[in-house]
Amino acid sequence: MALRFAAGLALLCLSLAAVSSRSRRALEIGVYWGQGGSEGSLIDACATGNYQVVNIAFLNSFGGGRTPLLGLAGHCDPTTGGCTKLSKEIRSCQALGIKVLLSIGGGAGSYTLNSTDDAMSVAVYLWNNFLDGQSSSRPLGDAVLDGIDLAVAWDLSSKHWDTLAKALGKYRDQGNNKIYLSAAPQCPFPDSSLQPALSTGLFDYVWVQFFNNPPCEYSGGGGSRETLLASWNNWTTINASKVFVGLPAVPEVAVTGYIPPDVLRTRVLPELERSSKFGGVMLWSRAFDRGYSSAINPEVCGSVETRSASANDVAMLPMGNNYGGARGFKSCRGTCVIV
Ligand SMILES: *[C@@H]1O[C@H](CO)[C@@H](O)[C@H](O)[C@H]1NC(C)=O
Ligand SMILES: *[C@@H]1O[C@H](CO)[C@@H](O)[C@H](O)[C@H]1NC(C)=O
Ligand SMILES: *[C@@H]1O[C@H](CO)[C@@H](O)[C@H](O)[C@H]1NC(C)=O
C-alpha cells in the first residue's frame with residue numbers, strides 16, 4: 001500500500017513536471033560523478049535536483065585482455081566489492097527520474113579495443129555486469145544502469161568503438177529497459193576516435209568537450225563565442241538525438257574554455273538553443289560544481305531541504321532513512337525532488 005502510494009505520487013509528480021515545463025525549452029544538465037572523494041555521495045548529487053543525467057566515471061580499464069576495473073577515486077574499492085553499495089543510490093537517483101550511465105574510458109586509465117572481437121566481448125561484459133544481463137560479480141551490484149557513455153580520452157588512436165556501439169545497440173531490443181548510449185568527443189570536428197561510432201546513429205546523447213580545445217571553444221579574455229559556435233554548427237549535423245555542450249564547472253579544472261555562468265546563460269545558450277538537437281550542458285565535474293549548475297538555470301532546485309521526519313510518504317523509495325520521512329515531492333525541472 002505504502003509502496004503503491006509512493007509510486008503514485010512519483011508518477012503524479014512527473015506528469016505535473018511535464019505539464020509545467022511545456023512552455024519552456026528544457027535545458028538538461030548532466031554531470032560526471034566519481035572522480036573525487038570530496039564531491040559527496042551519488043545520492044547527494046542526485047538529490048540536489050540540478051541534474052537529469054549522471055555519468056559514473058569511470059570504468060577505466062578494459063579491452064585487450066585486461067580484467068575490467070572501475071576507478072572511482074576516493075569513493076569505493078571495486079577490488080573488494082566495495083562499490084556494490086552504490087546500487088541503492090543508483091536506484092534512488094533513478095526513482096527521482098535521473099538517468100545514471102556508466103562512463104567507460106577517461107583521461108587516466110588503461111583501455112583499448114584491439115579488434116572487433118574484443119569490442120564484442122567488452123559489450124557482453126558491460127551487458128552482464130552493468131545492464132540487464134547476469135553476472136555473479138557485478139561491480140556496482142544489482143542496479144541496472146540506464147546506459148553506457150563512451151569517454152575515449154586515453155589512446156586516441158584506438159578503434160572499434162563503432163563495433164562496441166552496435167553491439168550495445170543490439171542489446172537494446174533484448175532488455176527490459178532502454179539502454180541509452182552517449183559519447184564525449186572533443187570539439188574539433190569530426191572527432192578522430194569516435195566519429196565512426198557516432199556515424200552509427202545509435203547515440204542518444206553526445207556531450208562535446210568544448211574545453212582544453214582552443215580551436216573550437218569559447219575564448220575567455222576577448223569573450224568570443226564565434227569559434228565555439230562555428231564548431232557547434234558542425235556538431236548539430238551529426239545523427240544523434242541530442243547534443244550537449246561539455247564545460248568545466250570552474251576555471252581551474254580546465255586549461256582553457258571556461259565560460260562564466262552568466263555569459264553562458266545570456267550569450268551562448270540562446271544561440272545553441274536555435275538547434276532542435278540542443279540538449280543542454282554536461283559539466284565536468286560534480287566535485288567542482290559549486291554553484292554553476294544552479295547559476296545557469298534558475299529553475300534548478302538547489303539543495304534538498306530536510307523538514308520533519310515523522311510520516312513516511314517516501315520511505316518506500318530506495319534511498320534509505322536519510323531520504324525518507326515527511327517530506328513529499330517537489331517538481332523540479334522535469335524531475336521530482338524530495339523536500
Ligand atoms: C592490444 O593493443 C594494445 C595497444 O595496441 C597492445 O599493447 C596489447 O598488447 C594488445 N593486447 C592484445 C591481447 O592483443
Ligand atoms: C541515423 O541513424 C539511424 C540509426 O542507425 C538510421 O536509421 C537513420 O537512417 C540515420 N539517419 C540519417 C539521416 O543518416
Ligand atoms: C566542419 O566540418 C568540416 C568537415 O566536415 C571541417 O572541414 C571543418 O573544418 C569544420 N569546421 C569547424 C569550424 O569545425
Side-chain angles (χ1 to χ4, degrees), residues 59-69 104-126 147-148 150 152-175 178-219 222 224-247 256-257 259 268 271-272 274-279:
L59 183 81
N60 61 8
S61 180
F62 58 89
R66 298 173 187 86
T67 301
L69 194 60
I104 71 169
S110 171
Y111 52 92
T112 47
L113 299 176
N114 287 38
S115 61
T116 53
D117 281 354
D118 196 16
M120 301 289 279
S121 58
V122 169
V124 173
Y125 171 81
L126 292 171
I148 302 291
L150 307 186
V152 183
W154 176 66
D155 175 5
L156 296 180
S157 68
S158 67
K159 296 190 168 52
H160 309 298
W161 301 105
D162 52 336
T163 306
L164 178 62
K166 283 183 213 155
L168 290 170
K170 288 230 168 74
Y171 281 126
R172 270 184 178 161
D173 308 329
Q174 287 180 31
K178 175 174 167 66
I179 299 174
Y180 288 84
L181 280 184
S182 68
Q186 306 292 313
C187 60
F189 185 89
D191 183 271
S192 51
S193 48
L194 285 171
Q195 190 55 37
L198 296 175
S199 299
T200 63
L202 294 171
F203 286 78
D204 300 285
Y205 302 119
V206 176
W207 4 86
V208 184
Q209 186 183 313
F210 286 98
F211 57 99
N212 298 342
N213 279 308
C216 48
E217 68 194 15
Y218 178 86
S219 47
S224 173
R225 60 190 182 182
E226 302 316 319
T227 45
L228 184 150
L229 293 178
S231 170
W232 171 258
N233 288 336
N234 263 351
W235 280 104
T236 55
T237 64
I238 68 171
N239 188 1
S241 309
K242 289 288 172 200
V243 183
F244 284 56
V245 279
L247 295 173
T256 55
I259 309 179
V268 182
E271 295 297 320
L272 306 182
R274 292 176 195 275
S275 168
S276 59
K277 292 263 178 76
F278 174 68

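Scope of the values below: all heavy atoms of this structure, side chains included, with no hydrogens, waters or symmetry mates. Order of appearance sets the numbers: ligands from 1, and atoms from 1 within every ligand.
There is no protein heavy atom closer than 4.0 angstrom to atom 5 (O) of ligand 1. Under the 4.0 Å distance rule, the nearest protein heavy atom to atom 2 (O) of ligand 1 falls inside the cut-off. Counting only heavy atoms, the protein never gets under 4.0 Å from atom 9 (O) of ligand 3.
Classification of the Phe62-Tyr111 ring pair by plane angle, with boundaries at 30° and 60°, yields parallel.
None of Trp232, Tyr218, Phe244 except one satisfies the side-chain contact (heavy atoms from CB on, under 4.5 Å) rule with Phe210; the exception is Trp232. Put simply, the residue from Val208, Ile238, Leu150, Val152 that forms a side-chain contact (heavy atoms from CB on, under 4.5 Å) with Pro185 is Val208.
Relative to atom 14 (O) of ligand 2, the option among Asn239, Leu202, Thr237, Ile238 with the closest non-hydrogen atom is Asn239.
For atom 11 (N) of ligand 1, the closest heavy atom belonging to the protein is Asn114 ND2, 2.7 Å. With hydrogens left out, the protein atom closest to atom 13 (C) of ligand 1 is Gly64 O, 3.4 Å, a heavy atom.
Residue-to-ligand polar distances place Asn234 within reach of ligand 3: an N/O pair is separated by less than 3.5 Å.
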Report the C-alpha separation of Val243 and Leu272 in whole Å, then their side-chain angles, then the decisive distance to 0.1 Å, and conclude whether the side-chain contact (heavy atoms from CB on, under 4.5 Å) test is met. CA-CA 10 Å; Val243 183; Leu272 306 182; over 6 Å; no
Just do the side-chain contact (heavy atoms from CB on, under 4.5 Å) check on Lys178 and Asp204 with the steps written out, would you? CA-CA 11 Å; Lys178 175 174 167 66; Asp204 300 285; 3.1 Å; yes
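Atoms of ligand 2 lying under 4.0 Å from at least one heavy atom of Thr200, given by number and element, are 2 (O), 4 (C), 5 (O).
With no hydrogens or angles considered, no side-chain donor-acceptor pair links Asp117 and Ser115 at under 3.5 Å.
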